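The structure displayed is predicted, hence computed values, not measured ones.
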Amino acid sequence: MVYPIVAYGDPVLRARAANIPADFADLDKLIADMFETMAHAHGVGLAAPQINKSIRLFVVDSTPMVSDPNEENPRFRQPALRRAFINPVMVEETGAAWGFDEGCLSIPGIHEQVQRPERVRLRYEDEQRQVREEEFDGIAARIIQHEYDHLEGVLFTDHLNALKKRLLKNRLTRISKGEVDADYRMRFAGGGRR
Ligand code: ZN
């Protein structure tokens, strides 16, 4: 099942998402639906708040970003990461910050350079609800940092400087009102869908 994606301006994107209890029903189905929703929108990451569920879960599929055989940037030369992350905890972020043009399925049409540290160490539960702790770098770390932010109510535009934020303000307001052209179904705070 493909969910509509919550657009910028909805309070669910600003809430700190809640932990998922061990007896949470139909988590497998929800994860499968999130992978389907992400693929449908050609995304490389999707967090549960983006489908209007304020719970600590995101899915990642970096395949489109690591599949160019001619890629020379080492940050994009790594195995594809396709995984669900349940109840993740950011243990630490390390390494020098680097800039990357980020986008977000909740903020269609806007791409801006965001600086983030090179590496992350993340503790999370996998789909079998086994706790794992792992380090990620390069583009995998970048996607994880962006999706993790969603669980904290943070959007990539929050990382921009004051001038950039001011320049984007009107476009963000238009997105929140549904004045946006996305090739996937969206859900707006005002209640509209398109
Ligand atoms: Zn996003």
Side-chain angles (χ1 to χ4, degrees), residues 5-9 12-17 19 34 38 41-50 54 56-126 131-172 175-176:
I5 291 176
V6 172
Y8 181 94
V12 73
L13 295 178
R14 290 312 192 178
R16 184 169 192 276
N19 266 316
M34 284 181 65
M38 174 175 66
H42 303 289
V44 295
L46 181 71
Q50 294 181 278
S54 194
R56 299 185 79 77
L57 166 66
F58 63 78
V59 297
V60 169
D61 186 356
S62 71
T63 308
M65 303 197 92
V66 297
S67 37
D68 179 359
N70 299 317
E71 177 63 58
E72 286 179 359
N73 186 335
R75 292 190 176 102
F76 297 84
R77 295 185 62 92
Q78 58 179 213
L81 176 69
R82 181 182 160 83
R83 201 171 298 173
F85 295 86
I86 301 162
N87 293 337
V89 174
M90 188 66 80
V91 178
E92 62 173 358
E93 293 180 280
T94 54
W98 62 292
F100 179 68
D101 262 2
E102 292 189 23
C104 180
L105 295 177
S106 295
I107 313 177
I110 293 182
H111 293 85
E112 292 290 342
Q113 186 159 120
V114 178
Q115 301 282 332
R116 297 186 194 263
E118 181 75 44
R119 259 181 313 282
V120 298
R121 174 168 280 279
L122 197 73
R123 186 161 58 238
Y124 65 98
E125 294 166 39
D126 63 19
V131 176
R132 300 168 63 160
E133 187 169 316
E134 232 175 309
E135 213 167 76
F136 301 91
D137 62 9
I139 192 63
R142 172 64 58 144
I143 299 169
I144 287 169
Q145 287 162 323
H146 177 114
E147 300 310 325
Y148 188 87
D149 268 358
H150 275 300
L151 306 186
E152 299 293 308
V154 173
L155 301 170
F156 82 89
T157 46
D158 299 337
H159 293 285
L160 304 175
N161 66 37
L163 173 64
K164 275 267 164 60
K165 280 181 189 154
R166 202 155 64 238
L167 290 172
L168 285 176
K169 195 165 185 284
N170 290 339
R171 288 174 69 194
L172 291 171
I175 291 173
S176 69

Nearest non-hydrogen partners of P79 and S62, listed with the distance: O-OG, 4.3 Å
When rounded to the nearest 0.5 angstrom, what distance separates CG in L160 from CD in E112? 5.5 Å
Ion pair check, R75 and E118, cut-off under 4.0 Å: yes
Would you say the rings of F100 and F156 are close, in the sense that their centroids are separated by under 6.0 Å? no
Hey, mind stepping through C104 and Q50 against side-chain contact (heavy atoms from CB on, under 4.5 Å) and telling me if it holds? CA-CA 10 Å; C104 180; Q50 294 181 278; 3.6 Å; yes
Taking D126 as the fixed residue, which of E134, R132, R83 is the one that meets the side-chain contact (heavy atoms from CB on, under 4.5 Å) rule? R132
Under a 3.5 Å distance rule, please check whether R119 uses its side chain to pair with a backbone N or O of A141 as donor and acceptor. no
Minimum side-chain heavy-atom gap V44-I139 below 4.5 Å: no
Within the structure provided, determine whether H146 and I143 are in side-chain contact (heavy-atom separation under 4.5 Å). no
Using 0.5 Å steps for rounding, measure from the CG atom of N161 to the CD atom of Q113. 11.0 Å
Looking at side-chain heavy atoms only, is the closest gap between I175 and P108 below 4.5 Å? yes
Intermediate values then yes/no, side-chain contact (heavy atoms from CB on, under 4.5 Å), D137 and Q78: CA-CA 9 Å; D137 62 9; Q78 58 179 213; 3.4 Å; yes
Check whether S54 reaches the backbone of V12 with its side chain - one donor and one acceptor, N or O, closer than 3.5 Å. no
Backbone N or O of R121 within a donor-acceptor pair of the E92 side chain at under 3.5 Å? no
Check this for me: does any side-chain nitrogen of one of R56 and E152 sit under 4.0 Å from a carboxylate oxygen of the other? yes
Can you label the angle between the Y148 ring and the F58 ring as parallel, tilted or perpendicular, going by 30° and 60°? perpendicular
Just verifying a value: how many Å separate L172 CG and L167 CG, rounded to the nearest 0.5 Å? 11.0 Å
Look only at the side chain of S106 and the backbone of V6, and say whether a donor-acceptor pair between them is shorter than 3.5 Å. yes
From CA spacing to verdict: side-chain contact (heavy atoms from CB on, under 4.5 Å), I107, R171: CA-CA 9 Å; I107 313 177; R171 288 174 69 194; over 6 Å; no
Has K165 got a side-chain atom pairing as donor or acceptor with T157's backbone, closer than 3.5 angstrom? no
Check the orientation of F136 and Y124. Use parallel for under 30°, tilted for 30 to 60°, and perpendicular for over 60°. tilted
Quick one, R14 with L155, criterion side-chain contact (heavy atoms from CB on, under 4.5 Å). Give me CA distance, side-chain angles, the key distance, then yes/no. CA-CA 8 Å; R14 290 312 192 178; L155 301 170; 3.6 Å; yes
Given E102, which partner from the list R116, H111, Q145 fulfils the side-chain hydrogen bond (donor to acceptor under 3.5 Å, both in side chains) test? R116
Distance-minimising heavy-atom pair for V59 and E147: O-CG, 4.5 Å
Gap between atom CZ of F85 and atom CD1 of I144 - 0.5 Å precision: 4.0 Å
If you take all heavy atoms of P88 and L151, which pair is closest and at what distance? CG-CD1, 3.5 Å
Determine the minimum heavy-atom distance between A17 and P49, stating which atoms define it. CB-CG, 4.4 Å
Just how far is it from atom OG1 of T94 to atom CD of E135, taken to the nearest 0.5 Å? 5.5 Å
Rounded distance (nearest 0.5 Å) linking atom NZ of K164 with atom NE2 of H159: 14.5 Å
